[in-house]
Amino acid sequence: MESLAVVLLALFAGGYLVLGGADVGVGMLLPWLGRDQRERRLVIASFAPFFLGNEVWLVAVVGLVAGAFPGLEHRLLEELYPLVVVLLIGWVVRDMGLWLRGRVDAAAWRGSCDGAVVAGSWALALAWGAVLGSVVAGGGLNAGSVLGLPLAALFAWHGAGFARWRLPAGLAERAGRFPARYGLSALVMAWVPVVAGSQVPWSRVVAEGAGLTMTAVVTAAVLPLLVASQALVWWTFRGRVQAPSYL
């Protein structure tokens with residue numbers, strides 16, 4: 001059951017980094033991809049239908065860690081608490097910018113919300129990079145901070161590949177100035193949690209008894225439903241975005 005829980009955690013963490021990492025990366029590049037408000041609306045529309053569904057993968061990761069690996073949860077909160085706080089703040093700020101951008105028809109308002117999207121996306125990428133770097137390095141906050149910037153750059157690279165695939169021709173060419181392919185960057189992002197997980201002493205952090213079994217079984221049952229719903233959303237909003245019709 002421990003092995004099943006580890007595999008599930010890798011799947012959900014990889015799913016979040018591949019799917020959610022793309023919209024985080026696009027948010028990081030928003031000022032460069034969108035030069036005016038019309039273009040920025042198109043850039044946001046490229047990932048807006050997906051970002052809530054992408055965050056479900058992260059919720060599942062948190063539930064798995066709390067239920068199946070309480071020792072890892074304790075370690076992350078104890079040693080990396082400042083990074084967790086930055087991550088949560090970045091998450092709230094970015095989502096707030098996305099949800100509130102279209103609520104007021106004023107250039108200053110939309111500009112402020114765009115700033116929130118960019119700042120929140122950078123905070124998320126840097127915090128995730130530092131957290132994953134800390135796990136890979138096997139050290140505390142200082143070790144993670146060293147690896148945070150190069151790992152955060154992966155989010156921007158991944159976002160550029162996604163934008164190149166989703167944006168209309170003119171904006172896609174701008175994204176194409178990055179040497180990024182969404183398929184390749186997705187493989188790299190999926191591999192990151194595997195590398196980080198190889199440094200975790202799972203036998204020391206795993207739960208015992210019914211808690212581990214229940215968490216693994218419930219999560220395994222949820223996985224097909226999540227994949228099916230995600231596939232439906234991606235099929236519905238497939239192709240290049242042509243109009244800012246969402247958010």
Side-chain angles (χ1 to χ4, degrees), residues 3-29 32-33 43 46-47 49-62 64-65 87 121-122 124-138 144 146-167 171-200 202 219-220 222-224 226-235 237-241:
S3 298
L4 174 61
V6 172
V7 170
L8 288 171
L9 183 58
L11 286 173
F12 279 101
Y16 170 71
L17 290 178
V18 170
L19 299 171
D23 59 62
V24 171
V26 175
M28 296 168 71
L29 300 175
W32 186 75
L33 293 173
V43 173
S46 70
F47 67 85
F50 310 113
F51 82 97
L52 282 179
N54 296 341
E55 290 175 349
V56 175
W57 293 81
L58 178 58
V59 174
V61 169
V62 173
L64 255 175
V65 171
L87 193 154
S121 298
W122 274 96
L124 278 170
L126 290 169
W128 276 123
V131 168
L132 293 168
S134 297
V135 176
V136 171
V146 173
L147 293 174
L149 281 176
L151 285 174
L154 288 178
F155 283 85
W157 178 56
H158 188 44
F162 178 84
R164 184 175 183 176
W165 169 53
R166 282 281 291 165
L167 290 175
L171 299 184
E173 291 175 2
R174 193 175 298 162
R177 296 174 187 174
F178 283 84
R181 295 291 188 279
Y182 183 66
L184 176 59
S185 60
L187 289 175
V188 174
M189 295 297 279
W191 190 247
V192 169
V194 177
V195 174
S198 66
Q199 305 301 314
V200 177
W202 296 106
T219 307
V222 169
L223 180 59
L226 180 56
V227 171
S229 61
Q230 196 88 44
L232 177 61
V233 172
W234 279 70
W235 174 258
F237 295 96
R238 65 191 181 278
R240 296 186 182 276
V241 62

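Counting heavy atoms from C-beta on, the side chains of Leu132 and Leu17 come closer than 4.5 Å. Looking only at side-chain heavy atoms (C-beta outward), Phe162 and Val26 come within less than 4.5 Å of each other. Side-chain contact between Val43 and Leu167 is present, with at least one heavy-atom pair separated by less than 4.5 Å. In this structure, Val192 and Trp128 have side chains that are not in contact, with every pair of non-hydrogen atoms separated by 4.5 Å or more. Counting heavy atoms from C-beta on, the side chains of Tyr182 and His158 come closer than 4.5 Å.
Contacts of Trp122 classified as side chain to side chain donor-acceptor pair (under 3.5 Å), with partners at least two apart in sequence or in another chain: none. Residues that satisfy the side chain to side chain donor-acceptor pair (under 3.5 Å) test with Ser46, not counting sequence neighbours, are absent from this structure. For Leu226, the side chain to side chain contact (heavy atoms under 4.5 Å, CB included) criterion is met by Phe12, Val56, Trp57, Ser229, Gln230, not counting sequence neighbours. Considering only residues two or more places apart in sequence or on other chains, Val194 meets the side chain to side chain contact (heavy atoms under 4.5 Å, CB included) condition with Trp191. Not counting sequence neighbours, the partners of Phe178 by the ring pair (Phe, Tyr, Trp, His ring centres under 6.0 Å) test are Trp32. The side chain to side chain contact (heavy atoms under 4.5 Å, CB included) search around Ala10 returns none, not counting sequence neighbours. Not a single salt bridge (charged side-chain N to carboxylate O under 4.0 Å, His left out) links Arg164 to another residue, sequence neighbours left out. Taking the ring pair (Phe, Tyr, Trp, His ring centres under 6.0 Å) definition, one finds that Trp157 meets it with nothing, sequence neighbours left out. For Ala125, the side chain to side chain contact (heavy atoms under 4.5 Å, CB included) partners two or more places apart in sequence, or in a different chain, are Val24, Met28, Ala152, Phe155.
Closest heavy-atom contact between Ala160 and Ala175: O-CB, 3.8 Å. Pairing each heavy atom of Gly129 with each of Leu151, the nearest pair is O-CD1, 3.2 Å. Nearest approach of Leu223 to Leu11, heavy atoms of both residues: CD2-CD1, 4.0 Å. Residues Ala186 and Val18 come closest through the heavy atom pair O-CG2, 3.3 Å. Pairing each heavy atom of Ser121 with each of Gly27, the nearest pair is OG-CA, 3.4 Å.
Here salt bridge (Lys or Arg N to Asp or Glu O under 4.0 Å) pairs that include residues 3-17, with residues two or more places apart or in two chains, number zero. The salt bridge (Lys or Arg N to Asp or Glu O under 4.0 Å) pairs that include a residue from residues 13-24 are Asp23-Arg94, where partners are two or more places apart or lie in different chains. Among pairs with a residue in residues 7-21, none fulfils salt bridge (Lys or Arg N to Asp or Glu O under 4.0 Å), at least two apart in sequence or across chains.
Using cut-offs of 30° and 60° on the angle between ring planes, the pair Phe50 and Phe237 is perpendicular.
In this structure, CH2 on Trp165 lies 10.0 Å from CZ on Arg240, to the nearest 0.5 angstrom. Here the straight-line distance linking atom OG1 of Thr219 with atom CG of Leu8 works out to 6.0 Å at 0.5 Å rounding.
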